[in-house]
Amino acid sequence: MPNGRSMAWPLVVRVTVMDEILQRCVAAGAKTVLNLAAGLDARPYRLDLPSGLRWLHVDMPEMVDYFREHMAQETPRCRLEFIAADLRDAQRRREVFAQASAEGPVLVITEGLLIYLEADDVAALARDLHDVARARWWVADLASPALLRFVANSWGHAVQQGNAPFRFGPREGTAFFAPYGWREAEFRSTWDEAWRLNRKPAAAWLWRVLSWFQPRRKVEAGRRMSAIVLLESDTAAPAS
């Protein structure tokens, strides 16, 4: 990717914050982790997880085969199950989600997935996670329209060539998910977390200085440009 190394900081932040949220949800009682478009996610191998935790690693068949082959010599720390599925197939998606619902509470992870989907596809996913998987928590990274415009200038040509354009960045933010049974339980600004974790970009200090001279509304919009969010089902008691 163009400028891939200099643009890697938000990915490091995303993984770290998701790790923190995941472990807290497991401590709060999650029994099944439904990891969608799991890719090369090695969390079941590298995190300190309860041995009884059920982890469903879901991705396209070729991706699952590739991951299993390269991790064959490693031992997961929990009950890891591999599921090959194309989530665009509504019937297959619901079969997987029904399988996940058998051992709840369910925590869903969609890391690096939603941005590639159309809004209608995200809506269908959100509805099925609520109604079929009966998930209690959902951890996702969320872009804004401003972020889509920004990355289009940096990576637009590359992702178009790879047939993987960035699409989903709802103007209403986490409120997009409300009609499908989800409420925002936690919003972790990628920018704020980058400062906390000391994984910020090289020019971060300049951006911070410039923010002192900007309207509060614009500064807040910048904070919510990219985030890691924890959504909670409207059937669960609000987090205290």
Side-chain angles (χ1 to χ4, degrees), residues 1-5 7-23 25-26 30-104 106-117 121-122 124-125 128-129 132-133 135 137-141 151 155 158-168 199 228:
M1 297 293 285
N3 304 312
R5 185 173 296 276
M7 293 290 285
W9 65 270
L11 305 183
V12 176
V13 170
R14 181 177 79 189
V15 169
T16 304
V17 173
M18 284 191 168
D19 283 358
E20 294 173 355
I21 295 174
L22 161 69
Q23 290 178 303
C25 288
V26 169
K31 299 300 182 185
T32 293
V33 175
L34 178 60
N35 193 8
L36 302 180
L40 303 179
D41 190 348
R43 285 184 175 95
Y45 300 86
R46 65 175 178 79
L47 292 182
D48 184 13
L49 299 170
S51 60
L53 179 70
R54 179 175 176 237
W55 189 291
L56 306 183
H57 180 112
V58 184
D59 212 323
M60 301 287 278
E62 298 84 354
M63 193 71 238
V64 170
D65 289 344
Y66 180 88
F67 183 80
R68 295 189 73 169
E69 176 186 351
H70 286 78
M71 297 298 286
Q73 303 305 313
E74 304 297 329
T75 302
R77 302 187 178 192
C78 58
R79 295 164 48 207
L80 177 59
E81 301 175 29
F82 293 98
I83 299 176
D86 184 342
L87 296 174
R88 295 171 296 184
D89 180 334
Q91 180 176 345
R92 178 61 178 142
R93 181 177 70 237
R94 289 166 187 152
E95 289 173 355
V96 172
F97 290 3
Q99 182 178 341
S101 71
E103 294 184 41
V106 175
L107 164 66
V108 181
I109 301 176
T110 54
E111 182 176 8
L113 171 62
L114 300 187
I115 197 170
Y116 296 103
L117 304 180
D121 296 324
V122 177
L125 181 68
D128 285 348
L129 286 174
V132 182
W137 302 280
W138 181 3
V139 184
D141 50 305
V151 295
W155 290 349
V159 296
Q160 289 287 350
Q161 280 191 319
N163 193 29
F166 297 137
R167 295 185 173 100
F168 185 68
R199 293 306 299 258
I228 303 92

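For this chain, numbers begin at 1 and follow the sequence in order. As a basis for the values below, the full set of heavy atoms in this structure was taken, side chains included, without hydrogen atoms, waters or symmetry mates.
- Between Thr16 and Arg199, the closest side-chain pair of non-hydrogen atoms is not below 4.5 Å.
- In this structure, the separation between CG on Leu87 and CE on Met60 is 8.5 Å, given to the nearest 0.5 Å.
- Take Glu95 and apply the salt bridge (charged side-chain N to carboxylate O under 4.0 Å, His left out) test, not counting sequence neighbours, and it matches Arg92.
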N/O donor-acceptor pairs under 3.5 Å from side chains in residues 61-74, not counting sequence neighbours:
residue: His70; atom: ND1; partner: Tyr66; partner atom: O; Å: 2.9

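- Each side-chain hydrogen bond (donor to acceptor under 3.5 Å, both in side chains) pair with one or both residues in residues 32-49, not counting sequence neighbours, appears once here: Asp19-Arg43, Asp19-Arg46, Thr32-Arg54, Asn35-Asp41, Asp41-Arg43, Arg43-Glu111.
- No donor-acceptor pair under 3.5 Å is formed between the side chain of Arg167 and the backbone N or O of Ile115.
- Atom CG of residue Leu107 and atom CG of residue Leu56 lie 11.0 Å apart, to the nearest 0.5 angstrom.
- For Arg77, the side-chain hydrogen bond (donor to acceptor under 3.5 Å, both in side chains) criterion is met by no residue, not counting sequence neighbours.
- Closest non-hydrogen pair, Leu49 versus Pro44, comes out as CD1-CA, 4.0 Å.
- If you take CG on Leu117 and CZ on Phe168, they are separated by 8.5 Å, rounding to the nearest 0.5 Å.
- Atom-to-atom distance recorded for His57:NE2 and Leu80:CG is 7.5 Å, nearest 0.5 angstrom.
- Between the CD1 atom in Ile228 and the CZ atom in Arg14 there is a gap of 8.0 Å [rounded to 0.5 Å].
- Closest approach of Ala140 and Leu114 over heavy atoms only: CB-CD1, 4.0 Å.
- Contacts of Ala98 classified as side-chain contact (heavy atoms from CB on, under 4.5 Å), with partners at least two apart in sequence or in another chain: Val132.
- The line from CZ of Arg93 to CG of Asp128 is 4.5 Å long, rounded to the nearest 0.5 Å.
- Here Trp138 pairs with Thr110 under the side-chain hydrogen bond (donor to acceptor under 3.5 Å, both in side chains) rule; sequence neighbours left out.
- Nearest heavy-atom pair, Ala37 versus Leu113, reported as atom, atom and distance to 0.1 Å: CB-CD1, 3.8 Å.
- Contact check for Ile109 versus Trp55: side-chain heavy atoms found under the 4.5 Å cut-off.
- Inter-residue side-chain proximity for Trp137 and Val139 is flagged as unmet; no heavy-atom pair is nearer than 4.5 Å.
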Open item on the list: Please determine whether side-chain contact (heavy atoms from CB on, under 4.5 Å) holds for the pair Leu34 and Leu129, giving the CA-CA distance in whole Å, both sets of side-chain angles, and the decisive distance to 0.1 Å.
Closed with: CA-CA 10 Å; Leu34 178 60; Leu129 286 174; 4.0 Å; yes

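- When all heavy atoms are compared, the tightest approach of Ala30 to Leu53 is O-CD1, 3.5 Å.
- Annotation: side-chain hydrogen bond (donor to acceptor under 3.5 Å, both in side chains) contacts of Asp59 (sequence neighbours excluded): none.
- Annotation: side-chain hydrogen bond (donor to acceptor under 3.5 Å, both in side chains) contacts of Glu103 (sequence neighbours excluded): Arg79.
- Residues Leu125 and Leu36 are in side-chain contact: their nearest non-hydrogen atoms beyond the backbone lie under 4.5 Å apart.
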